[in-house]
Amino acid sequence: MLIVMKTDATDSEVQAVLRVIEDLGFKPHSMPGATRTAIGITGNQGAVDPSHFENLSGVAEAIRVSKPYKLITLDLRPEKTIVRVGDATIGGEELAIIAGPCAVESRAQAFAIAETVRRSGARFFRGGAYKPRTSPYAFQGLGEDGLKILAEVRDVYGLKIVTEALDEAGVDLVERYGDMIQIGARNMQNFSLLRRAGKSHLPILLKRGLSATLDEWLLAAEYIMSEGNYQVVLCERGIRTFAQHTRNTMDLAAIPAVRRISHLPVLVDPSHGTGKNYMVTPLARAGVAVGADGLIVEVHDQPDHALSDGAQALTPEQYEQLVSEVRAIHDVIVPAPVS
Ligand code: PEP
Ligand code: MN
């Protein structure tokens, strides 16, 4: 059930609706928009009777929701969500660029790359302190020491820190040191982690699972939002297909497909989406051209010596070139505001 309030509904009318929902034992999710407030209802097993709401003052409509998701939809919020990370945004007019090494390897490495990221004008630095590696013998990340390095990067360069939490305890730690929590592809359906992320005060970057359908991915975002955290950013990072010329197949069509259903911002990750250095820039251009709100790109000062994902890491020079190219594309497809 979705309650749409009249455009001139008052705050106290909205509050009255929220109280009725709570009295019925359900959870209200109020989404104020540019022209009207909509209120989603979760926690109900069966259909909710619209007559509870139809005659309340300030209510325009009580609509039954037939889709499997409620909170991620444009029905609830017709305008795009702008996720705010301090003074940086994702989903607004600015193209969001999140860049950094796959893994934080040392203070010197993180600082050298952060220098490049800062110079490019990107607002976000991403590096893993906890890495989800296929092999238990591969480099697993520096753990909390890596988080401390990331926190220093934020202090020195003013970049917002995006880093992955592998489990619920990891969310506690990232909340202490970071600005945005990444949930990786392998954890997209880790439902207890999603619920914990939904209780966080930090925004969540939710990567698409390796073999997740669009609905599964959106329902994972719905899990987070249903717990009350509405600051969710989706990220297309490529899926498993029969293709052997790439590490993953970056599903560019997912961007307009998400856009048609959801108000959430959506990014592309051409690094994991291709796995190959020479493909990252072409696919980054394509991602921005199909309407992504930004990019996640892996950069390394010494890709040949990277402890993880070196084959897909851009050099600082390649990264700087990529940024100027994608900005030019973004400027063409997003018309400048009329002043
Ligand atoms: C990563 O971002 O380095 C990573 C492991 O990503 P994914 O979860 O998309 O594989
Ligand atoms: Mn990586």
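Just so you know, ligand 1 is whichever comes first in the structure, and atom 1 is the first atom listed for that ligand.
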Notebook entry, point to check: Would Gln182 count as a contact of ligand 1 if the rule is a heavy atom under 4.0 Å away?
Noted result: yes

Note to self: For atom 10 (O) of ligand 1, which of the options His272, Arg237, Gln312 provides the nearest non-hydrogen atom?
What the structure shows: Arg237

Next item on the list: State, without any angle test, whether Gln182 and Arg126 hold a side-chain donor-acceptor pair at a distance under 3.5 Å.
Entry: yes

Check: Among protein heavy atoms, which sits nearest to atom 3 (O) of ligand 1, and what does the distance come to when rounded to 0.1 Å?
Finding: Lys131 NZ, 2.8 Å

Checklist line | Identity and separation of the nearest protein heavy atom to atom 6 (O) of ligand 1 | finding: Lys207 NZ, 3.0 Å

Notebook entry, point to check: Between Asp215, Thr73, Asp75, which is the residue that forms a side-chain hydrogen bond (donor to acceptor under 3.5 Å, both in side chains) with Lys67?
Noted result: Asp75

Next item on the list: If you have a sec, work out which protein heavy atom is nearest atom 2 (O) of ligand 1 and how many Å separate them, to one decimal?
Entry: Arg126 NH1, 2.5 Å

Notebook entry, point to check: Where is the nearest protein heavy atom to atom 5 (C) of ligand 1: which residue, which atom, and how far?
Noted result: Pro132 CG, 3.8 Å

Next item on the list: Answer with yes or no after comparing the ring centroid distance for Phe191 and Tyr223 against a 6.0 Å cut-off, counting only values under it.
Entry: yes

Item checked: Interfacing atoms of ligand 1 (cut-off 4.0 Å, heavy-atom, Cys102) -> 3 (O)

Checklist line | Sole candidate of Asp155, Asp87, Asp179 that passes salt bridge (Lys or Arg N to Asp or Glu O under 4.0 Å) when paired with Lys160 | finding: Asp87

Notebook entry, point to check: Looking only at protein heavy atoms, which one is nearest to atom 8 (O) of ligand 1, and how far off is it?
Noted result: Ala185 N, 2.7 Å

Check: Quick one: which ligand 1 atoms are inside 4.0 Å of a heavy atom on Gly184?
Finding: 8 (O)

Check: Do the side-chain N and O atoms of Arg77 and Thr81 include a donor-acceptor pair separated by under 3.5 angstrom?
Finding: yes

